[in-house]
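What follows is a set of notes on a single structure, which appears directly below.
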2 protein chains.
Amino acid sequence: MSETKREIILEAALVLFVERGFDGTTVPMISEKAGVGAGTIYRYFENKEALVNTLFQESVGEFLETLQDGYPRTSEDLREQFRHIAKQTIRYSKKNLNALLFLDSHTNGHYLDEASRAAYMKLRTFLFEFIEQGQKKKVIRPLPADALIAIVDGAYIALNKCIMAGEIEETPELLAGVEEACWDAIRIH
Amino acid sequence: MSETKREIILEAALVLFVERGFDGTTVPMISEKAGVGAGTIYRYFENKEALVNTLFQESVGEFLETLQDGYPRTSEDLREQFRHIAKQTIRYSKKNLNALLFLDSHTNGHYLDEASRAAYMKLRTFLFEFIEQGQKKKVIRPLPADALIAIVDGAYIALNKCIMAGEIEETPELLAGVEEACWDAIRIH
DNA sequence: CAAAACGGAATGAACATTCATTCCGAAACA
DNA sequence: TGTTTCGGAATGAATGTTCATTCCGTTTTG
């Protein structure tokens, strides 16, 4: 039951951090949105920074797990691996879109601690390995991995924002189209 | 001379906003980096929000001007128009990389006023028109314009960060490669 | 020397955090 | 079973700090 309260606080903070950023969110805002007293937050988290770092590490961890779950690691087919990454990114966005948006907008925060940076590095390494393997096999363009990842990342974040804003409807064709656009961006033709 | 001091303040604020975000940057930080007294900032800007909005509007304006400068508006060749956009984006990043990074990270700020949002809308409209024209001609994929723009945007922002961090050297081949990757992402094959 | 520009200490508001107190369900008791 | 005691969870007013902004004595300018 007390686990529940902790989660209520985390969820409220997540939403506010996505909307206003870490520095733009006050502890009273979080306590109000969570429907708890301000002091209660400090029963679960040492301070505001510990709260954001917990959120960051849990989000990275869950996202990376989702990506790795069922990943065809030993496959020689880069396209198949890419399809998996795209599919699981969509899956995670459905499970916890705010966490994905939060990750995207807080990766460079000055408040992230060593553990958060390390967790993020693991995610980054996973994606880098995919890119580098593809480059070694001359399937993926010899461009900076950062830039290639940013292309895909940007596409999926923007896509989700469009869907969330109701500007567009999510259909299998749309998802397939975005996946293909991204694949065409990173692969050698 | 007073114009110069105003610009020193704007430049210092720009760098800090890129590094730490608007809410994470304090006025004393800005005054120290600018080498002026805290009070001096208020001789040039009504308050911190006016400062960030000035910066935002000036950056959007300059960037849009750069994009429109020499734009082959009447051309039927979408590829040529895209090349121009890509080239001018690079040009602007060389002139004022921080402004580009600032724009990228502050477009959703809760502190932006009506004028800033309107200015940003103009930039967005310019890019949307390019996308929509291309979609009408069946040259560009029928995906959400937001997502397509985010792909290109993400690529160039990440590219510049790599170059800035010294992880990679800027060469004509690199720029051509990124441009082609982005074009392949948005065009119909 | 008058006027404008400047710096940085002073101010009050808003913030993160603390802590004395309340609340509540469970256990002990009768 | 009805009553009392207990302990930890929860609270929000109080605290000290940090911030944006103001104010005024000093410096620069013309």
Side-chain angles (χ1 to χ4, degrees), chain A residues 1-58 102 105-106 108-116, chain B residues 1-58 102 105-106 108-116:
Chain A
M1 195 84 254
S2 86
E3 195 62 12
T4 293
K5 187 147 286 193
R6 181 190 129 104
E7 276 156 21
I8 287 170
I9 292 167
L10 282 172
E11 173 63 19
L14 182 65
V15 172
L16 285 165
F17 289 159
V18 168
E19 278 173 4
R20 313 183 41 97
F22 173 74
D23 289 307
T25 301
T26 70
V27 173
M29 281 179 200
I30 298 170
S31 78
E32 192 193 359
K33 170 155 283 213
V36 304
T40 306
I41 291 174
Y42 291 86
R43 294 192 54 73
Y44 295 92
F45 304 96
E46 198 188 327
N47 52 37
K48 194 183 163 194
E49 289 207 359
L51 172 52
V52 79
N53 278 286
T54 297
L55 219 31
F56 192 87
Q57 286 159 42
E58 287 186 2
F102 168 72
S105 55
H106 288 70
N108 285 310
H110 56 86
Y111 34 77
L112 293 186
D113 62 18
E114 214 38 62
S116 291
Chain B
M1 192 83 246
S2 90
E3 195 62 9
T4 293
K5 186 149 286 190
R6 182 189 130 105
E7 277 155 22
I8 288 171
I9 292 167
L10 282 172
E11 172 63 18
L14 182 65
V15 172
L16 286 165
F17 289 159
V18 169
E19 278 173 4
R20 312 181 43 97
F22 173 74
D23 289 308
T25 300
T26 69
V27 173
M29 279 179 201
I30 298 170
S31 79
E32 191 194 0
K33 170 154 286 214
V36 305
T40 304
I41 290 175
Y42 290 86
R43 292 196 54 74
Y44 295 94
F45 305 95
E46 198 188 328
N47 52 37
K48 194 184 165 195
E49 288 205 0
L51 172 51
V52 78
N53 279 285
T54 298
L55 219 33
F56 191 86
Q57 287 159 41
E58 287 187 3
F102 168 72
S105 54
H106 287 71
N108 286 310
H110 56 87
Y111 35 79
L112 292 187
D113 62 19
E114 217 36 66
S116 292

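Each chain gets a letter, A, B and so on, in the order the sequences are listed, and its residues count up from 1. For the numbers below, each heavy atom of this structure counts, side chains included, while hydrogens, waters and symmetry mates do not.
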Are there any protein N/O atoms within less than 3.5 Å of an N/O atom in nucleotides 7-12 of chain C, and if so, which ones and at what distance?
| residue | atom | partner | partner atom | Å |
| --- | --- | --- | --- | --- |
| C:dG7 | OP2 | B:Gly37 | N | 3.0 |
| C:dG7 | OP2 | B:Thr40 | OG1 | 2.6 |
| C:dG8 | N7 | B:Ala38 | N | 3.4 |
| C:dG8 | N7 | B:Gly39 | N | 3.3 |
| C:dG8 | O6 | B:Gly39 | N | 3.3 |

(request) Mind calculating the distance between CD1 (B:Ile41) and P (C:dA5) to the nearest angstrom? (result) 17 Å
(message) Let me confirm one number: the CZ-CE distance from A:Arg20 to A:Met29, rounded to the nearest 0.5 Å.
(response) 4.0 Å
(message) How many whole angstroms separate atom CD1 of A:Ile30 from atom P of C:dA16?
(response) 8 Å
(request) Please list residues of residues 9-18 of chain B whose heavy atoms come under 4.0 Å from any atom in DNA chain C, ordered by number; otherwise none. (result) none
(request) Kindly state which residues belonging to residues 47-55 of chain A come within less than 4.0 angstrom of DNA chain D, counting heavy atoms of the residue only, listed by number. (result) none
(request) Report the distance from atom CZ of B:Phe22 to atom P of D:dC19, rounded to the nearest whole Å. (result) 14 Å
(message) Return the CD1 to CD distance between B:Ile8 and B:Glu11, rounded to the nearest 0.5 Å.
(response) 10.0 Å
(message) Rounded to the nearest 0.5 Å, what separates atom CZ in B:Arg6 from atom CG in B:Leu51?
(response) 9.0 Å
(message) Determine whether a donor-acceptor pair (N or O, by modelled atom type, separation under 3.5 Å) exists between the side chain of A:Asn53 and the backbone of A:Tyr111.
(response) yes
(message) What is the distance, to the nearest angstrom, from the CZ atom on A:Phe45 to the P atom on C:dA16?
(response) 15 Å
(message) Starting the side chain at C-beta, find the nucleotide from C:dA5, D:dC19, C:dT17 nearest to A:Tyr42.
(response) C:dT17
(request) Hey, could you give me the NZ/CD1 distance between B:Lys48 and B:Ile41, rounded to the nearest 0.5 Å? (result) 10.5 Å
(request) Would you mind reading off the distance between B:Glu32 atom CD and D:dA20 atom P, rounded to a whole angstrom? (result) 14 Å
(request) Take the protein atom OH of B:Tyr44 and the nucleotide atom P of C:dA4, then report the distance between them rounded to whole Å. (result) 14 Å
(request) Fit a plane to each ring of B:Phe22 and B:His110, take the angle between them on a 0 to 90° scale, and name the class: parallel (under 30°), tilted (30 to 60°) or perpendicular (over 60°). (result) perpendicular
(message) If you count every heavy atom of other residues, nucleotides or ligands that lies below 6.0 Å from A:Glu32 atom CD, does the total exceed 12?
(response) no
(request) Give the rounded distance in Å between these two atoms: CZ of B:Arg20 and P of D:dT18. (result) 14 Å
(request) Report the distance from atom CE of B:Met29 to atom P of D:dC19, rounded to the nearest whole Å. (result) 6 Å
(request) Mind checking the OH-CD spacing from B:Tyr44 to B:Glu7? Nearest 0.5 Å is all I need. (result) 10.5 Å
(request) Heavy atoms only: give me the nearest B:Lys33-B:Ala12 pair and the separation to one decimal. (result) CG-CB, 3.5 Å
(message) Nearest 0.5 Å, please: how far is CG in B:Leu14 from OG1 in B:Thr25?
(response) 10.5 Å
(request) Taking all heavy atoms of B:Asn47 and all of B:Tyr42, pick out the closest pair and write down the distance. (result) CA-CE2, 3.8 Å
